[in-house]
Amino acid sequence: MVALQKYKAFAKSMDNEHYFEWVFAIARKIPPGRVSTYGAIADSLALGSARMVGWALNQSASRDDVPAHRVVNRKGELSGRAHFSPPERMQELLEKEGVIVVDNRVQDFEKLFWHPAEHLEDL
DNA sequence: TGTTTGACCACGG
DNA sequence: GCCGTGGCCAAAC
């Protein structure tokens, strides 16, 4: 946990722009057809919180190189759909990748879940 | 300056 | 499974 504290201290010295890059870097690593969660990304970064990941992804709306549609909440719900334009776009993007979405929820969520912490070394 | 609000989550009952 | 509670932390008000 010492490493975690040092990591957090380091993170505190970063400005928001860098924090976005960490979140975006992980989001970009999510393979097509797979999904991850706000909390998992926050945990793998060992800084911030799930809320901050949502906040960061909100800032990503202006970018076209961040697959924010592959990030859902812990229940597999498309909680961020309202921030896409139009909102239906999030589901459409997922379905284009073969992910089945019913009632704003990813089907087979546990199987499609991609664990960011297992791929951190690739960053 | 203090309070409320989120693309959230873990936990207890 | 559902609910409330508490933690989270930047932004907006």
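Letters A, B, ... mirror the listed sequences (proteins, then strands); counts begin at 1.
When distances run from any side-chain atom of A/W55 to the nucleotides B/dC9, C/dC9, C/dA10, the shortest one goes to C/dA10. Of the candidate nucleotides B/dA7, B/dC9, C/dC9, B/dC9 has the atom lying nearest to any side-chain atom of A/A50.
Atoms CG (A/D43) and C1' (C/dC8) sit 12 Å apart, rounded to a whole Å. In this structure, A/L57 atom CG and B/dG6 atom P are separated by 17 Å, rounded to whole Å. Atom CD in A/E77 sits about 15 Å away from atom C1' in B/dG6, given to the nearest Å. Separating the OH atom of A/Y19 from the C1' atom of C/dC8 is a distance of 11 Å, rounded to the nearest angstrom. If you measure from atom NZ of A/K75 to atom P of C/dC2, you get 7 Å, rounded to the nearest angstrom. For the pair A/H83 NE2 and B/dT5 C1', the computed distance is 12 Å after rounding to whole Å. Put simply, CG on A/L45 is 16 Å from C1' on C/dA10, counting in whole angstrom units. Taking atom CD of A/Q59 as the reference point, atom C1' of B/dG6 lies 12 Å away to the nearest angstrom.
Both A/R74 and A/S49 lie close to DNA chain C; mapped to their nearest nucleotides by heavy-atom distance, the more 5′-ward contact belongs to A/R74.
Spacing between C/dC8 and B/dT1 at atom P, rounded to whole Å, works out to 22 Å. Comparing the P positions of C/dG6 and B/dA7 gives a spacing of 23 Å, expressed to the nearest Å.
The backbone N or O of A/K75 sits less than 3.5 Å from a side-chain atom of A/N73, completing a donor-acceptor pair. The closest donor-acceptor contact from the side chain of A/Q107 to the backbone of A/R105 lies under 3.5 Å.
Within the 4.0 angstrom heavy-atom criterion, base atoms lie near A/A68. A/N58 comes within 4.0 angstrom of a base, heavy atoms only.
The CD atom of A/Q91 sits 9.5 Å away from atom CG of A/D103, with the distance rounded to the nearest 0.5 Å.
When all heavy atoms are compared, the tightest approach of A/R89 to A/F84 is CB-CB, 4.3 Å.
The pair A/E97-A/R70 counts as a salt bridge, with a side-chain nitrogen and a carboxylate oxygen less than 4.0 angstrom apart.
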